[in-house]
Amino acid sequence: MNIHEYQAKELFKEFGIPVPNGVLVESVEEARKVVSESPLFRGESRPAVWAVKAQIHAGGRGKAGGVKLARKSEEIPDLVSQILGKTLVTHQTGPEGKKVLKVWIEEGSNIAREFYLGVVVDRTTRRMTLIASTEGGMEIEEVAEKHPEKIFHLALDPLEGYSPYIGRRVSQFLGLPFSTQTQMVNIVRDLLDFFQRRDASMVEINPLVLTREDRLIALDAKVGFDDNAVGRQPVVRGLRDLSEENPLEIEASKYNLNYVKLDGNIACMVNGAGLAMATMDVIALAGGSPANFLDVGGGASKETVEQAFRIILGDPHVKGIFVNIFGGIVRCERIAGGIIAAAQDVKITIPLVVRLQGTNAKEGREMLRSSGLAIQVAEELYEGAEKIVLAVKGDK
Ligand code: GDP
Ligand code: MN
């Protein structure tokens with residue numbers, strides 16, 4: 001689960017990680033109001049510059065025009081109106097982009113240097129890994145490719161926990177002035193503390209800046225949480241923004257279906273995550289392109305299959321459906337019955353290929369063949385994939 005920058009900054013603040021002060025607005029009207037009323041924009045101690053930032057669940061906003069600076073507070077409402085309601089297309093949104101519904105206005109910083117600081121779970125070492133780089137503001141993947149020597153990474157021993165020397169090593173690697181070392185030691189400590197206590201799976205501060213006043217501050221904040229832990233994190237759960245999620249994925253989660261929308265046109269429905277991955281691969285191998293990942297779980301009852309069909313067909317790009325079920329615990333003739341009943345209710349008008357394998361597969365396939373429905377039956381995985389790819393091509 002992902003959250004917005006402003007939400008991540010609120011969480012950071014709670015854990016003692018320094019962030020700029022700011023306010024969230026959802027309309028130009030609201031922006032005008034806060035600019036005329038809030039102490040962040042009035043009085044002696046107001047900042048010299050403000051940053052106006054689009055809140056979407058994607059990075060790369062700066063380059064797409066989603067981050068603007070104001071030198072006078074009067075300019076802010078106008079900048080908000082330029083960003084709000086706009087669809088931002090960044091390298092992380094996909095070509096359709098993301099519509100901006102919220103804007104964060106914060107005090108600007110006097111930037112001397114920009115760094116990268118992040119934490120991820122490294123599956124190879126099975127540890128939290130701290131990542132830092134002198135190349136802040138750039139894509140870390142790009143830095144890793146072109147200048148791997150500019151990236152510091154350290155897998156953390158969970159039994160050892162945090163020790164200040166870790167923060168000092170980061171500080172030295174980044175070439176920070178000695179006077180700011182304690183700030184870095186504390187930021188790394190608090191970031192790791194946040195990561196563990198809130199069950200994060202990824203935290204990125206890009207950039208973490210050193211200001212001309214020698215202060216370290218998190219200018220950007222990107223956080224992802226482990227979906228399996230959200231159940232025990234009420235605070236995190238409350239930060240979910242459904243408007244940022246794919247409506248079909250939200251619908252699928254209501255029925256405990258594991259659905260991820262993709263860009264292709266062949267929908268697949270499979271029981272078991274591993275088999276679903278393999279099915280997508282084989283569709284690609286046969287020359288097609290999967291429209292989704294969908295694991296319907298072990299049971300594949302009529303109700304489950306019916307909901308799955310409805311969700312799959314909610315994607316207008318879908319031109320054919322490939323059902324691949326392995327009857328291990330459930331018998332294939334029961335699955336076939338479920339598929340027939342569901343297909344009759346949902347009224348599928350595009351090609352449908354069903355591959356059944358496992359217990360009583362023969363009987364199951366026979367039921368599908370004699371159902372009177374336009375279902376193509378397959379025995380082998382590749383055979384099924386070829387059939388659906390061919391049917392979709394012929395359908396054009
Ligand atoms: P992203 O493009 O989605 O990663 O958004 P960021 O929050 O990282 O902002 C993009 C860039 O805008 C940063 O790398 C900074 O260079 C710049 N920026 C953001 N806030 C400020 C600020 O307060 N002052 C100045 N001078 N630049 C800023
Ligand atoms: Mn950034």
Side-chain angles (χ1 to χ4, degrees), residues 2-13 17-25 31 35 38 40-41 45-73 75-76 79-80 82-84 86-94 97-120 131-144 150-151 174 187 191 200 202-224 241 244:
N2 296 324
I3 59 171
H4 288 292
E5 173 197 6
Y6 77 92
Q7 296 171 319
K9 282 179 170 169
E10 274 160 24
L11 292 177
F12 278 6
K13 208 173 182 175
I17 301 159
V19 291
N21 291 311
V23 284
L24 184 80
V25 298
V35 167
S38 163
L40 187 61
F41 308 98
S45 58
R46 69 177 189 278
V49 69
W50 292 268
V52 179
K53 311 180 76 175
Q55 298 298 295
I56 52 170
H57 285 191
R61 297 162 301 166
K63 282 188 194 126
V67 177
K68 295 184 190 291
L69 299 180
R71 311 226 159 255
K72 290 193 190 119
S73 63
E75 299 167 6
I76 293 171
L79 294 179
V80 170
Q82 288 173 32
I83 295 174
L84 205 62
K86 209 172 133 185
T87 299
L88 280 189
V89 180
T90 81
H91 64 282
Q92 286 185 357
T93 58
K98 275 197 177 225
K99 196 170 175 187
V100 184
L101 301 173
K102 297 183 174 100
V103 175
W104 176 244
I105 311 165
E106 69 180 14
E107 58 182 322
S109 303
N110 232 330
I111 303 175
R113 293 179 66 192
E114 298 191 24
F115 306 107
Y116 176 99
L117 185 67
V119 186
V120 289
I131 302 170
S133 173
T134 47
E135 307 305 290
M138 272 180 67
E139 285 305 303
I140 196 72
E141 292 84 358
E142 203 182 318
V143 182
K150 289 185 176 169
I151 296 181
L174 298 178
I187 288 173
L191 193 64
M202 194 263 333
V203 175
E204 234 183 18
I205 306 180
N206 189 19
L208 172 77
V209 301
L210 177 66
T211 67
R212 300 203 182 280
E213 301 81 32
D214 273 351
R215 275 195 65 209
L216 283 171
I217 188 161
L219 221 61
D220 194 6
K222 208 165 172 215
V223 179
D241 182 352
E244 287 286 330

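This one's a predicted model, so the numbers in the text were calculated from it and none came from an experiment. Ligands are counted one by one from 1 in listed order, and the atoms in each one are counted from 1 as well. Throughout, residue positions are numbered sequentially from 1 according to the sequence presented.
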Any donor-acceptor pair under 3.5 Å linking the side-chain atoms of Glu244 with those of Asn2? no
Between the side chains of His57 and Gln92, is a donor N or O closer than 3.5 angstrom to an acceptor N or O? no
Basic-acidic side-chain contact under 4.0 Å: Arg61, Asp220: yes
Salt-bridge present (Glu75, Lys68; N to O < 4.0 Å): no
Hey, what do you get for CD1 (Ile56) to CG (Asp241), rounding to the nearest 0.5 Å? 11.5 Å
What's within reach of the Mn ion (ligand 2), meaning protein N/O/S atoms under 2.8 Å? Asn206 O, Asp220 OD2
Salt-bridge test for Arg46 and Glu107: reply yes if a basic N is under 4.0 Å from a carboxylate O, no otherwise. no
Under 4.0 Å between a Lys/Arg side-chain N and an Asp/Glu carboxylate O for Glu5 and Lys222? no
Rounding to 0.5 Å, atoms CD1 (Ile217) and OG (Ser109) come to a distance of 4.5 Å
Quick one: do the Tyr116 and Glu204 side chains pair a donor with an acceptor below 3.5 Å? yes
Collect the protein residues that have a non-hydrogen atom under 4.0 Å from ligand 1 and hand them over in chain and number order. Ala51, Lys53, Gly59, Gly60, Arg61, Gly62, Val67, Leu69, Gly108, Ser109, Ile111, Glu114, Asn206, Pro207, Leu219, Asp220
